[in-house]
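Chain A is the first sequence line, chain B the second, and so forth, proteins listed ahead of strands; every chain is numbered from 1. Owing to the predicted nature of the structure, the values given are computational and were not obtained by experimental measurement.
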Amino acid sequence: MADGGIGAPNKRREDIRFLTGKGNYTDDMNKRGQAYVAFARSQVAHGTLKGVDTSAAQEMPGVVRVFTGADFAEVGGIPCGWQITDKHGEVMQEPAHPVLAQGKVRHVGDAFAAVVAETAEQARDAAEAIEADIDELPAVVDMKAALADGAPKVHDDLTSNLCYDWGFVEENKGAVEEAFKNAAHVTTLDLVNNRLVANPMEPRVAIGDYDSSSGDSTLFTTSQNPHVIRLLMGAFVLGIPEHKLRVVAPDVGGGFGSKIFHYAEEAFCTFAAKAIDRPVKWTSSRSEAFITDAHGRDHVTTIQLALDKDNNFTALRTDTHANMGAYLSTFAPSVPTWLHGTLMAGNYKTPLIYVNVKAVFTNTVPVDAYRGAGRPEATYQLERVISKAALELGVDPIALRRQNFITEFPYATPVAVEYDTGDYVATMDKLEEIADLAGFEKRAAASKAKGKLRGLGVNCYIEACGIAPSNLVGQLGARAGLYESATVRVNATGGLVVMTGSHSHGQGHETAFPQVIAEMIGIDPSMVEIVHGDTANTPMGMGTYGSRSLAVGGSAMFKATEKIIAKAKKIAAHLMEAAEGDVELANGEFSVAGTDKSVAWGDVTLAAYVPHNYPLEDIEPGLEETAFYDPANFTYPSGAYACEVEVDPDTGKVTIEAFAAADDFGNIVNPMIVDGQVHGGIGQGIGQALLEGAVYDEDGQLLNGSFMDYAMPRADDLPFYTVDHSCQTPCTHNPLGVKGCGEAGAIGSPPAVVNAVVDALRRGGSDITHIDMPLTPSRVWAAMQK
Amino acid sequence: MYEFDIKSPSKLGKAVRMLRKHEDAQVLGGGQTLIPTLKQRLAAPSVLVSLAKIDKLKGISSDSGTVTVGAGTCHADVAADDTISALSALAGGIGDPAVRNRGTIGGSLANNDPSACYPAAALGLGATIVTSARDIAADDYFQGLFETALDETEIITSVTFPIPDAAAYVKFDQPASRFALVGVFVSRKGSDVRVAVTGASEDGVFRWAGAEEALSANFAPEALDGLTPSGDMIGDIHGSPEYRAHLVGVMAKRAVAAC
Ligand SMILES: Cc1cc2nc3c(=O)[nH]c(=O)nc-3n(C[C@H](O)[C@H](O)[C@H](O)COP(=O)(O)OP(=O)(O)OC[C@H]3O[C@@H](n4cnc5c(N)ncnc54)[C@H](O)[C@@H]3O)c2cc1C
């Protein structure tokens with residue numbers, strides 16, 4: 001290992017700027033002559049938009065221009081990036097998604113007009129003066145009601161509120177039904193995967209900028225993937241070719257998925273900047289974020305597990321309603337399907353699986369990927385139904401899992417994916433050790449003596465990261481490729497700049513990526529700088545989500561660096577007058593095996609740019625390479641999690657007493673960053689399990705649209721975690737052997753918490769088998785009264 | 001925010017005159033409730049009269065029987081004064097350090113949020129609310145959700161709390177805001193027992209007479225067995241009326257135990 005190379009817990013270099021207030025976020029930017037936008041948004045969930053009277057607003061102080069849906073009549077709508085084909089072979093219903101509402105408003109927060117003014121407050125004042133003539137219509141909020149005959153339609157031009165009815169694997173359906181008929185035991189569980197609001201610390205911001213001298217547009221935005229925004233907005237919405245459109249996503253204060261998507265406000269600011277020939281800025285308030293940022297999860301599921309008389313899993317079937325909200329957000333259709341159905345095998349060798357998903361339009365904020373995206377929903381139902389089966393059968397939940405583990409790899413699941421590596425026995429063994437499961441009963445007795453109910457929840461998870469071969473996702477309906485690219489530029493004095501399409505917004509790329517390159521060359525990581533987040537400076541990239549940055553983006557960097565090293569070896573061979581094949585690179589020095597000839601990295605890089613003594617007839621000067629990497633498969637991190645809770649029987653309040661995670665992420669580049677990613681993920685998982693959940697009333701009003709009522713996890717809600725990633729089965733198909741760790745915590749933790757609370761209540765004498773998340777004190781107390 | 005003027009008089013009399021002079025003028029205490037309200041454009045005062053520069057409104061003093069807290073005293077200062085430990089603990093449990101360093105007792109009592117903590121202390125200790133115009137007994141002061149006996153141009157100047165023999169406040173946090181989902185303040189002075197409940201009732205902070213009676217006879221948690229408050233309890237996404245009524249009993253017992 002090079003000093004500070006792969007495996008070193010280097011401190012995050014980006015934290016110096018984040019922690020000293022030197023970050024450069026979109027809202028920190030102000031352009032000369034900038035005007036400000038405020039949107040006029042619907043306060044009703046559903047209504048016919050009969051007219052928008054902007055006359056008073058036009059006359060207000062500071063108003064530059066007022067826009068309505070009519071201004072966007074000639075402009076494309078916000079596109080959806082994934083098309084699902086349903087179980088009958090029909091493509092999904094895909095409604096128009098105008099930049100500003102036309103004809104109808106479809107959720108509270110749907111923008112129908114926008115004011116551009118000299119100051120932000122003037123824009124708000126004028127937006128309040130816009131009069132919308134809206135005939136309120138009954139709202140559809142509940143998914144099952146939305147599919148009932150005669151339900152009001154969110155989109156009048158669609159046949160119903162059903163986006164698609166997906167069956168997976170449709171060919172297995174008959175065999176699955178047969179297996180259920182022959183089962184010795186069937187466990188059924190109805191559950192809700194609660195709707196979450198991502199709430200990154202930094203709300204969304206967009207600045208549109210137009211240069212009338214060149215005709216170039218620039219969008220500064222809070223995005224996880226500026227290239228994707230450039231492609232979607234340029235090609236599908238505004239018709240701006242990519243060479244005339246630059247998208248910059250500078251420091252971004254967290255995304256958790258919600259900043260993957262292309263939002264109407266981005267298109268608006270880019271469009272308006274050109275229309276008024278001035279920079280146009282929009283900064284979301286927190287209240288606005290609650291009703292415009294895409295929400296996450298929101299699945300309602302019935303899952304059934306069939307077992308034979310020896311408790312082997314024989315079949316699994318699920319029936320899920322997945323909320324799309326009022327419009328299709330960028331990747332929304334893929335989340336309950338390909339990111340969910342393909343994970344239903346989990347860590348188990350269940351031979352037959354059938355997943356049915358009905359995606360439904362409702363008069364609510366669009367729902368899309370949120371940390372884990374589909375995989376937490378899959379893991380939650382599977383791990384909950386297994387724990388319920390263990391209760392019904394009176395067997396140990398860990399033993400039941402172990403008995404059904406997949407143990408041979410590669411393993412082709414019945415849901416279309418092939419796990420390359422894993423060792424679920426090893427992670428479970430590790431978990432039992434680090435969580436001291438043997439000592440649990442003693443701790444439970446101590447809790448009881450204090451009048452508290454202690455419970456233990458254990459579960460496994462599998463996820464699919466590094467999404468995935470482009471040709472495969474293309475077949476599955478993705479409208480984009482899913483490779484990543486990197487340009488490695490070596491400077492004359494030996495330092496490197498790596499330009500990547502992977503965006504960093506909390507993941508620590510600026511620290512971890514240099515470790516990979518430093519390791520390959522044998523130099524200090526401080527010699528490597530990462531550049532990201534600007535389509536003008538970086539090669540085409542697909543951005544950061546799905547725990548793909550190191551597995552896919554890092555592999556692209558690896559490939560580009562390999563090209564660099566190959567060329568540098570040629571130069572070194574020339575300098576040392578040796579055969580290229582004899583040149584070795586170690587510790588930043590080229591040498592010739594079996595001789596004392598050597599030349600330093602810096603001498604070779606200097607020669608590349610000052611090519612006085614250089615094989616100009618064979619190779620070009622300079623040292624810069626680009627590589628694209630398109631993975632051959634997903635990666636499959638896995639793990640086993642344990643949660644211990646105490647429940648106060650008088651109030652129903654749950655406290656997390658201990659949480660242990662044994663993860664297999666393959667090779668680890670920076671263990672400290674991995675710890676942090678797992679901590680954060682578990683924190684969000686505990687948030688989902690105990691605290692969070694967007695609640696709509698029947699009129700489609702969000703009842704908890706602020707932090708006064710929407711509970712985010714805080715430090716004192718969370719325990720000290722015990723995390724371990726020493727179980728490592730490296731990925732077999734990417735050059736780094738890495739798998740991805742960003743979402744694992746959020747995927748694996750909710751079932752552990754719920755399993756633990758159910759266990760605690762049962763130890764207190766209740767015969768409860770399930771409580772829906774979030775397990776708030778009032779819900780737990782109510783469950784105990786039954 | 002809508003536009004407004006801000007004035008910072010150093011004398012109480014001047015502040016009252018400003019309130020009388022400007023229609024839609026409003027007092028600004030620590031701003032921890034009012035500023036977020038303004039930012040959300042839910043209020044549009046023409047003038048804010050800040051009390052921050054009126055030194056007379058700040059500080060804590062005590063004599064043998066009472067503690068008097070200036071209306072402009074922030075929660076952190078009350079938390080640091082240990083004369084009535086239940087009161088200090090209550091102040092120390094409000095919000096976070098930023099809120100405690102800005103928010104004032106006067107602002108809290110003037111606002112009378114049905115989930116706020118101080119109203120329970122004022123009612124539970126039988127405090128006197130002293131204003132620019134008069135003295136108001138806590139029993140007469142609280143008049144429902146966000147409603148008080150204050151006139152539009154009346155400023156709270158201080159609050160006088162009798163020192164009890166024993167007192168405790170136990171709060172069950174609303175998970176998001178961490179205001180009181182239910183908070184119960186219990187005090188005992190001689191044979192006089194007071195039980196004040198915040199967070200629970202549709203009518204705002206109230207004295208739980210049934211509990212006071214039971215505890216006067218037997219000041220022990222068991223005395224409350226089987227008792228629940230009457231009246232309409234709040235039901236919302238954080239808890240049903242039944243849950244709140246149940247919590248009132250649990251918190252009251254815990255408060256008695258902590259006395
Ligand atoms: C994050 C957060 C958490 C909080 N948690 C809690 C909690 O757990 N428990 C709790 O009890 N409170 C809580 N609060 C509220 C906090 O205690 C406020 O400080 C308090 O309610 C208002 O006091 P203020 O001095 O900030 O008043 P301001 O916000 O300045 O004013 C509030 C109202 O009172 C009026 N007013 C202010 N001072 C006077 C006066 N002297 N005379 C007459 N009228 C006056 C104002 O005109 C206004 O109508 C929280 C607040 C925040 C922001």
Side-chain angles (χ1 to χ4, degrees), chain A residues 38 61-62 119-122 124-129 194 197 199 285-288 290 451 648-655 686-687 689-697 701-717 774-785, chain B residues 1-4 32-33 36-42 44 93 95-99 113-116 170-184 199-200 221 224-225 228 233-257:
Chain A
T119 72
E121 291 298 320
Q122 287 173 333
R124 278 184 82 177
D125 287 342
E128 285 178 5
N194 40 329
V197 184
N199 277 321
S285 67
R286 183 62 64 184
S287 313
E288 219 173 356
F290 268 98
D648 179 346
D650 294 332
T651 63
K653 185 170 168 62
V654 176
T655 49
I686 290 174
L690 293 186
L691 297 160
E692 299 186 49
V695 183
Y696 280 95
D697 72 7
Q701 295 290 338
L702 181 60
L703 295 181
N704 50 355
S706 86
F707 290 145
M708 287 298 280
D709 287 300
Y710 187 94
M712 297 293 287
R714 292 176 233 199
D716 64 356
D717 292 313
L775 306 183
T776 58
S778 68
R779 275 202 187 173
V780 173
W781 181 79
M784 288 190 310
Q785 306 313 306
Chain B
M1 287 191 195
Y2 298 108
E3 274 192 15
F4 57 83
Q32 296 304 293
T33 296
T37 310
L38 295 178
K39 283 172 87 174
Q40 292 200 39
R41 299 186 156 215
L42 297 174
D96 49 48
V99 170
D113 186 304
S115 304
V170 179
K171 168 184 177 187
F172 191 81
D173 288 353
Q174 192 258 59
S177 70
R178 298 201 174 175
F179 275 66
L181 186 68
V182 164
V184 179
L224 299 175
D225 280 346
T228 40
M233 298 290 128
I234 298 170
D236 60 17
I237 63 169
H238 304 293
S240 61
E242 299 72 40
Y243 181 56
R244 278 191 169 80
H246 166 78
L247 281 183
V248 170
V250 175
M251 295 303 123
K253 283 185 187 174
R254 289 183 181 178
V256 172

More than 12 heavy atoms from other groups under 6.0 Å of NZ on B/K253: yes
Of the non-hydrogen atoms in A/D709 and B/I237, which two are nearest, and what is the gap between them? O-CD1, 4.1 Å
Quick check on A/Q785: does its CD atom have over 12 non-hydrogen neighbours (other residues, nucleotides or ligands) under 6.0 Å away? yes
Taking side chain as everything from C-beta outward and backbone as N, CA, C, O, which of these in A/R779 sits under 4.5 Å from a heavy atom of chain B? Side chain, backbone, both or neither. neither
Ignoring hydrogens, what is the shortest heavy-atom contact between B/P175 and A/P777? Give both atom names and the distance. CG-CD, 4.2 Å
Considering only heavy atoms from C-beta outward, does the side chain of A/T651 approach that of B/R254 to under 4.5 Å? yes
A/E128 versus chain B, heavy atoms under 4.5 Å apart: side chain, backbone, both or neither? side chain
Taking all heavy atoms of B/A176 and all of A/M708, pick out the closest pair and write down the distance. CB-O, 3.4 Å
Which bit of B/Y243 is near chain A, if near means a heavy-atom gap under 4.5 Å: side chain, backbone, both or neither? both
Hey, could you give me the OG/CD distance between A/S778 and B/Q174, rounded to the nearest 0.5 Å? 10.0 Å
Which atom names give the shortest non-hydrogen contact between A/D716 and B/R178, and what distance separates them? OD1-NH2, 2.8 Å
What part of B/K39 lies closer than 4.5 angstrom to a heavy atom of chain A: side chain, backbone, both or neither? backbone
What's the shortest heavy-atom distance between B/R41 and A/E121, and which atoms? NH2-OE1, 2.7 Å
Under 4.5 Å to a heavy atom of chain B? For A/D648 that would be side chain
Run the salt bridge (Lys or Arg N to Asp or Glu O under 4.0 Å) check on A/R714 and B/D96 step by step: do they pass? CA-CA 12 Å; A/R714 292 176 233 199; B/D96 49 48; over 6 Å; no
